[in-house]
Student: 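Supplied in structure tokens, the structure appears directly below.
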Amino acid sequence: EVKKLQKAFNKVRYARNAEKAIQRLKKANFKLVAISTGLQFIVERVKKDFGFHYAIGNRLNARRGILTGGVTINISHGAKGKILKNILKKFGIKPHEMIAVGDSEGDIPMIKLAGFSIAFNSSSEKLSRIADYKCKSSDFMEVAAKILEVS
């Protein structure tokens, strides 16, 4: 049942100060986009809770609130760069004007496009090596502070 899954995902906690950090970025007029190879439950929650301008993830298919067993893959592993190019075009933003935040190997194509990149508690050594800034804090305010500093 979709509602049960949604309830379980709603229990996932955000990084410390995520809401405060996102509010600061919104006040500074950043366009906020969430791109995830994960399921719709997290990206849709982030979009709703924080007022992101755009969010995309993969979807578990359901009919009348019951999972069908199907999955719609909107973003496959390694495709974030391609998806991001389309989103940037939609908002009229050039890649060098973008700041990307990622935490895993799948974020590397996105990080490579960005004018500035942040590895946030990265699970990938490769991502950490190529990111412009490495954040190993559980406090998302450090990420927001760095973004505001470099913009």
Side-chain angles (χ1 to χ4, degrees), residues 2-60 71-151:
V2 173
K3 284 186 180 180
K4 286 182 183 177
L5 264 180
Q6 225 162 5
K7 208 173 199 178
F9 276 94
N10 285 344
K11 291 179 182 177
V12 174
R13 297 174 60 89
Y14 291 122
R16 189 162 31 104
N17 286 317
E19 185 174 2
K20 193 173 169 184
I22 297 301
Q23 285 174 353
R24 280 198 182 161
L25 295 173
K26 285 180 75 175
K27 262 189 192 161
N29 292 317
F30 280 90
K31 293 273 187 242
L32 302 173
V33 174
I35 303 172
S36 177
T37 54
L39 299 173
Q40 78 264 25
F41 303 104
I42 294 290
V43 290
E44 287 176 359
R45 181 176 161 216
V46 165
K47 185 173 191 241
K48 183 179 144 248
D49 289 355
F50 300 130
F52 270 45
H53 297 89
Y54 189 86
I56 185 169
N58 296 317
R59 302 192 68 78
L60 292 179
V71 179
T72 300
I73 304 294
N74 294 314
I75 304 174
S76 58
H77 185 76
K80 286 187 181 182
K82 180 181 173 193
I83 298 291
L84 184 57
K85 283 180 185 176
N86 293 332
I87 295 168
L88 291 173
K89 188 183 267 186
K90 174 182 175 158
F91 286 114
I93 298 169
K94 293 177 176 43
H96 73 273
E97 298 172 323
M98 176 195 67
I99 297 171
V101 179
D103 67 357
S104 69
E105 193 111 347
D107 294 320
I108 291 173
M110 178 178 73
I111 292 286
K112 285 182 173 180
L113 274 178
F116 189 81
S117 59
I118 298 173
F120 180 64
N121 293 324
S122 176
S123 61
S124 164
E125 284 186 37
K126 187 175 180 185
L127 173 70
S128 294
R129 271 196 316 273
I130 65 171
D132 297 306
Y133 183 75
K134 292 97 184 132
C135 176
K136 294 189 182 215
S137 167
S138 62
D139 190 342
F140 203 73
M141 194 55 78
E142 182 180 332
V143 171
K146 190 65 178 176
I147 289 171
L148 292 168
E149 176 188 315
V150 300
S151 62

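Residue indices begin at 1 and follow the sequence shown.
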Student: Could you pull out all residues at least two apart from I130 that satisfy side chain to side chain contact (heavy atoms under 4.5 Å, CB included)?
Tutor: I108, I111, K112
Student: Could you check whether any side-chain N or O of K26 sits under 3.5 Å from a backbone N or O of F50, counting only pairs where one atom can act as donor and the other as acceptor?
Tutor: yes
Student: Look at the side chain of N58 and the backbone N and O of N74, then say whether any donor-acceptor pair between them is shorter than 3.5 Å.
Tutor: yes
Student: Name all pairs fulfilling the side-chain hydrogen bond (donor to acceptor under 3.5 Å, both in side chains) condition that reach into residues 5-15, sequence neighbours left out, sorted by first residue then second.
Tutor: Y14-R45, Y14-D49
Student: Please say which of K20, K146, R16 ends up in a side chain to side chain contact (heavy atoms under 4.5 Å, CB included) with M141.
Tutor: K20
Student: Quick check against the 3.5 Å criterion: does E97 have a side-chain atom that pairs as donor or acceptor with the backbone of K94?
Tutor: yes
Student: Please confirm whether F120 and F140 have ring centers closer than 6.0 angstrom.
Tutor: yes
Student: When you measure from the side chain of H53 to the backbone of L32, do you find a donor-acceptor pair of N or O atoms at a distance under 3.5 Å?
Tutor: yes
Student: Quick one: are V33 and M98 in side-chain contact, heavy atoms under 4.5 Å?
Tutor: no
Student: Are the side chain of S123 and the backbone N or O of D103 linked by a donor-acceptor pair below 3.5 Å?
Tutor: yes
Student: Please confirm whether the backbone N or O of M110 pairs with a side-chain atom of K80, one donor and one acceptor, at under 3.5 Å?
Tutor: no
Student: Which residues pass the side-chain hydrogen bond (donor to acceptor under 3.5 Å, both in side chains) test with S117, sequence neighbours left out?
Tutor: D132
